[in-house]
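Residue numbers start from 1 in every chain, and the chains themselves are labelled A, B, ... in the order their sequence lines are given, proteins ahead of strands.
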Number of protein chains: 2
Amino acid sequence: MNATKVRAGSKPSGTTQTPPASPANPRHGLDRIDRAILRQLQTDASISNVALAAKVKLSAPACLRRVERLKESGLIRGVVALLDPKAAGAGMLVIIGVVLDRSTPESFAEFEKAAQKVAGCMECHVVTGEFDYFMVIRTRDSDSFNRLHAEQLLYLPGVRQIRSFMVLKEILSTTKFPL
Amino acid sequence: MNATKVRAGSKPSGTTQTPPASPANPRHGLDRIDRAILRQLQTDASISNVALAAKVKLSAPACLRRVERLKESGLIRGVVALLDPKAAGAGMLVIIGVVLDRSTPESFAEFEKAAQKVAGCMECHVVTGEFDYFMVIRTRDSDSFNRLHAEQLLYLPGVRQIRSFMVLKEILSTTKFPL
DNA sequence: CTTGAAATACTACTACG
DNA sequence: CGTAGTAGTATTTCAAG
């Protein structure tokens with residue numbers, strides 16, 4: 001359980017018997033195999049380790065060691081199941097822009113604390129521009145959003161204005177980062 | 001591999017010998033155990049099936065059958081690894097609002113096709129209000145975003161205006177739906 | 001249509017070369 | 001990193017509520 005750095009010192013000696021994977025690598029000390037592993041796990045992490053090892057052309061233990069290192073390093077933050085929004089009863093998506101009354105630290109802190117408790121709030125960020133915050137909220141339908149809007153959003157602390165952008169069509173929604 | 005409906009007709013007869021899990025359930029034919037499984041898998045899907053079974057107080061085979069059913073039904077859309085944005089070299093988050101030149105079906109279709117190919121585009125949605133689209137884009141830093149902005153975003157087909165909201169602080173970002 | 005118990009096949013994991 | 005061996009898990013089969 002020691003904090004091993006990812007790909008740290010994988011071949012310090014200059015013997016060059018068998019190149020580990022990729023001589024020089026573009027980012028973060030991740031070689032070609034690490035990136036292949038991450039691409040696969042970002043797409044489907046329910047794959048077994050032996051199957052993953054075969055895909056990246058590595059032995060099972062070596063592959064498992066890499067995955068564990070990627071987890072311990074924090075690069076892999078977790079493995080989760082993604083649900084179908086509609087099937088989960090959250091078929092409506094709304095993006096809302098929020099403007100606060102005053103731009104004081106207390107005002108921001110208070111709002112952020114309350115915003116995290118809003119049911120169905122998937123994202124909440126401080127932004128530059130004409131809004132102070134953007135929130136992304138999932139609800140069942142327009143009725144339940146109207147209820148949420150009237151009962152919770154309008155009562156968030158320090159809010160001057162809320163502008164709602166209802167999502168009519170979801171073109172793209174992914175959790176995958178380019179590697 | 002037949003298309004079994006989730007929890008369909010789980011107790012048609014009125015014998016009431018041993019209630020499978022929960023007599024009546026609020027949503028979608030999901031009983032209490034199904035929802036407990038989904039809550040766990042949305043939080044951490046790397047848990048073993050035996051551990052999951054113990055958590056929801058079920059035998060391992062019964063638990064596994066439920067998980068498979070939830071996958072086949074499409075409610076669980078997939079199991080993926082979530083990466084740390086900064087560690088993955090995508091520490092900057094930008095929300096952009098897009099207004100198109102003309103509101104024709106062709107114009108929308110052309111834009112959507114091109115938008116999906118934008119590197120680092122995590123979300124893209126048609127919205128109501130003063131914008132036609134909202135996009136959520138991840139990039140390495142402000143330099144790389146400026147490059148993306150100048151070289152790709154401004155050349156997306158049919159774009160009249162692009163408004164960028166840089167994210168200064170990520171308050172909340174989750175993939176978990178309330179159940 | 002469901003559950004749980006036992007048996008088998010496969011996988012994760014450890015030790016070592 | 002890979003090979004071989006062990007421990008534990010997933011998965012099937014089956015009987016029962």
J.: Tell me, for nucleotides 7-12 of chain C in 5' to 3' order, what letter each nucleotide earns: B for a base near a protein heavy atom under 4.0 Å, S for only sugar-phosphate near one, - for neither?
T.: ----SS
J.: Who clusters with B:V79? Use side-chain heavy atoms, under 4.5 angstrom, across I, L, V, M, F, W and Y, and order the result by chain and number.
T.: A:V79
J.: With the side chain counted from C-beta on, respond yes when A:F177 and B:P85 share a heavy-atom pair under 4.5 Å apart, and no when they do not.
T.: yes
J.: Write out all pairs satisfying side-chain hydrogen bond (donor to acceptor under 3.5 Å, both in side chains) with one or both partners inside residues 48-64 of chain A, taking only residues at least two apart or from two chains.
T.: A:Q40-A:K55
J.: Look at the side chain of B:T128 and the backbone N and O of A:M166, then say whether any donor-acceptor pair between them is shorter than 3.5 Å.
T.: yes
J.: With a 3.5 Å cut-off and sequence neighbours excluded, list the donor-acceptor pairs that the side chains of residues 89-108 of chain B form with protein atoms.
T.:
from: B:T104; atom 1: OG1; to: B:S107; atom 2: N; distance (Å): 3.1
from: B:S107; atom 1: OG; to: B:R102; atom 2: O; distance (Å): 3.2

J.: Within this structure, what is the CG-to-P distance between B:L58 and C:dC1, rounded to whole angstrom?
T.: 18 Å
J.: Could you tell me whether A:R39 and A:D44 make a salt bridge, using a distance below 4.0 angstrom between a side-chain N and a carboxylate O?
T.: no
J.: Quick one: is C:dC1 close enough that its OP1 or OP2 comes under 4.0 Å of any side-chain N or O from B:R66?
T.: no
J.: Grab the N/O contacts between the protein and nucleotides 15-17 of chain C below 3.5 Å, and write none if there aren't any.
T.:
none

J.: Using side-chain heavy atoms (C-beta onward) and a distance below 4.5 Å, is B:L156 in contact with B:V159?
T.: yes
J.: Heavy-atom distance under 4.5 Å between the side chains of A:L153 and A:V118, does that happen here?
T.: yes
J.: Do A:R138 and A:E170 sit within salt-bridge range, that is, some charged N less than 4.0 Å from a carboxylate O?
T.: yes
J.: So how far off straight is the helix from C:dC1-D:dG17 to C:dG17-D:dC1, going by the axes through five pairs at either end, to 10°?
T.: 30°
J.: With rounding to the nearest 0.5 angstrom, report the CG to CD1 distance, B:L179 to B:I37.
T.: 11.5 Å
J.: Using atom NZ of A:K71 as one end and atom C1' of C:dC13 as the other, report the distance to the nearest whole Å.
T.: 13 Å
